[in-house]
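Written out below as structure tokens is the structure these notes cover.
Side chains are part of it too, since the values below use all heavy atoms of this structure and drop only hydrogens, waters and symmetry mates. Numbers here simply count residues along the sequence, with the first being 1.
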Amino acid sequence: LEKMTDLVAVWEVALSDGVHKIEFEHGTTSGKRVVYVDGKEEIRREWMFKLVGKETFTVGATKTKASINIDAVSGFAYEYTLEINGKSLKKYMENRLKTTNTWILSLGGTDYRVVLEKDTMDVWCNGQKMETAGEFVEDGTETHFTVADHSCCIKAVSSGKRKEGIIHTLIVNDREIPEAME
């Protein structure tokens, strides 16, 4: 395996199905462009005469659209920016904080990353979309699912404040799991 000598950028992107590593090689003398997602080569272009431009690909099980923009800064210096679903990585992650909840927990020595997509109420665990059962309860809703034979429940309760909206809490084995900040 050839060493990545032209590696110019590495990003970590947290999506519902997991945290993905995106690596980009740019050979400014050869014009080579290579995009790796989680160590797997997604795009390889040799002998690109135009050194600036854009490479578009997908990331993860959800096939999320991603683009790397290559811009000349000065002389032979280049700037590389990653966009996810047409937004800068920073904007995408800020928006994601509003639309998802993430919890990290350990059960029987195994780590699990549980993600709730608030708009669809889809629940993901370690890259898999979970089978869930939702029910209305006195003070809100409960979404039930199972992780490694452990019963899990995401409770959705109104905060009573319009700005805060709905508060989502993950309960596993009658224990509240603190939300993770990714």
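- Atom CD of E135 is surrounded by more than 12 heavy atoms from other residues, nucleotides or ligands within 6.0 Å.
- Residue M130 holds its CE atom at 13.0 Å from CG of L116, rounded to the nearest 0.5 Å.
- A pairwise comparison of heavy atoms in Y36 and R44 identifies OH-NH2, 3.6 Å as the closest pair.
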side-chain contact (heavy atoms from CB on, under 4.5 Å) evaluation trace for V59 with L15: CA-CA 9 Å; V59 180; L15 300 177; 3.7 Å; yes

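- With rounding to the nearest 0.5 Å, the separation of CD1 in I177 from SG in C152 is 8.0 Å.
- Look at K32 and E25 and you find a salt bridge, because one of the NZ, NE, NH1 or NH2 atoms lies within 4.0 Å of a carboxylate O, short of that distance.
- For the atom pair L51 CG and I70 CD1, the distance stands at 8.5 Å (nearest 0.5 Å).
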Decide side-chain contact (heavy atoms from CB on, under 4.5 Å) for I22 and E12; before the verdict, give the C-alpha distance in whole Å, the side-chain angles of both, and the deciding distance to 0.1 Å. CA-CA 6 Å; I22 298 171; E12 300 256 316; over 6 Å; no

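- A heavy-atom distance below 4.5 Å is not found between the side chains of T102 and V114.
- Following chains of ILVMFWY side-chain contacts shorter than 4.5 Å, one cannot reach M48 starting from Y80, and the two form parts of different hydrophobic clusters.
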Determine, step by step, whether E117 and T100 satisfy the side-chain hydrogen bond (donor to acceptor under 3.5 Å, both in side chains) criterion, reporting the C-alpha distance in whole Å, the side-chain angles of both residues, the deciding distance to 0.1 Å, and the verdict. CA-CA 5 Å; E117 292 180 353; T100 62; over 6 Å; no

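- Atom CG of D6 is separated from atom OG of S30 by 5.5 Å, given to the nearest 0.5 angstrom.
- A salt bridge is defined here as a Lys NZ or Arg NE, NH1 or NH2 lying under 4.0 Å from an Asp or Glu carboxylate O, and R96 with E94 fails to meet this definition.
- In the hydrophobic clustering of this structure, I171 does not group with V147; members are Ile, Leu, Val, Met, Phe, Trp, Tyr whose side-chain heavy atoms approach within less than 4.5 Å, directly or through other members.
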Candidate pair I154 and T169, rule side-chain contact (heavy atoms from CB on, under 4.5 Å), full reasoning: CA-CA 5 Å; I154 295 174; T169 311; over 6 Å; no

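- Contact of the V37 side chain with the F57 side chain is registered, since non-hydrogen atoms from C-beta on lie closer than 4.5 Å.
- Looking only at side-chain heavy atoms (C-beta outward), T81 and L89 stay at 4.5 Å or farther from each other.
- V10 is listed as a side-chain neighbour of K21, based on a closest heavy-atom distance under 4.5 Å.
- The backbone N or O of A61 sits less than 3.5 Å from a side-chain atom of D17, completing a donor-acceptor pair.
- Between V34 and I43 the shortest side-chain heavy-atom distance does not fall below 4.5 Å.
- With contacts defined as side-chain heavy-atom distances shorter than 4.5 Å, the pair K50/V52 qualifies.
- For the pair S159 (side chain) and G165 (backbone), a donor-acceptor distance under 3.5 Å is present.
- Note: the hydrophobic cluster containing I104 does not contain V115 (ILVMFWY, side chain heavy atoms under 4.5 Å, direct or indirect links).
- Linking ILVMFWY side-chain heavy atoms closer than 4.5 Å, directly or via other members, places Y92 and V35 in a single hydrophobic cluster.
- W103 and P178 get closest at one heavy-atom pair: CD1-O, 3.3 Å.
- Using a cut-off of 4.0 Å between Lys/Arg side-chain N and Asp/Glu carboxylate O, K155 and E142 are scored as salt-bridged.
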Working for side-chain contact (heavy atoms from CB on, under 4.5 Å), residues V172 and L107: CA-CA 9 Å; V172 179; L107 295 171; 3.9 Å; yes

What do the steps show when you test T146 against S151 for side-chain hydrogen bond (donor to acceptor under 3.5 Å, both in side chains), and what is the final call? CA-CA 5 Å; T146 305; S151 63; over 6 Å; no

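- When every heavy atom of H168 is checked against every heavy atom of A156, the shortest pair comes out as CD2-CB, 3.7 Å.
- To the nearest 0.5 Å, atom CD of residue E83 and atom NZ of residue K65 are 7.5 Å apart.
- Not a single donor-acceptor pair under 3.5 Å links the side chain of D139 to the backbone N or O of V157.
- Annotation: side chain of T143 is in contact with side chain of M121 (closest heavy-atom distance under 4.5 Å).
- Scored by the salt bridge (charged side-chain N to carboxylate O under 4.0 Å, His left out) test, K129 finds D122 as partners (sequence neighbours excluded).
- The heavy-atom pair separating E42 from T58 by the smallest distance is OE1-O, 4.5 Å.
- Residues M93 and N95 fail the side-chain proximity criterion, which asks for heavy atoms closer than 4.5 Å.
- A salt bridge is defined here as a Lys NZ or Arg NE, NH1 or NH2 lying under 4.0 Å from an Asp or Glu carboxylate O, and R33 with E46 fails to meet this definition.
- For D174, the CG atom sits in a loose shell: 12 or fewer heavy atoms of surrounding residues, nucleotides or ligands are nearer than 6.0 Å.
- With hydrophobic clusters built from ILVMFWY side chains whose heavy atoms lie under 4.5 angstrom apart, W124 does not share a cluster with L105.
- With a 6.0 Å radius and a threshold of 12 heavy atoms from other residues, nucleotides or ligands, Q128 has its CD atom at or below the threshold.
- With rounding to the nearest 0.5 Å, the separation of CZ in F145 from NE2 in H150 is 12.5 Å.
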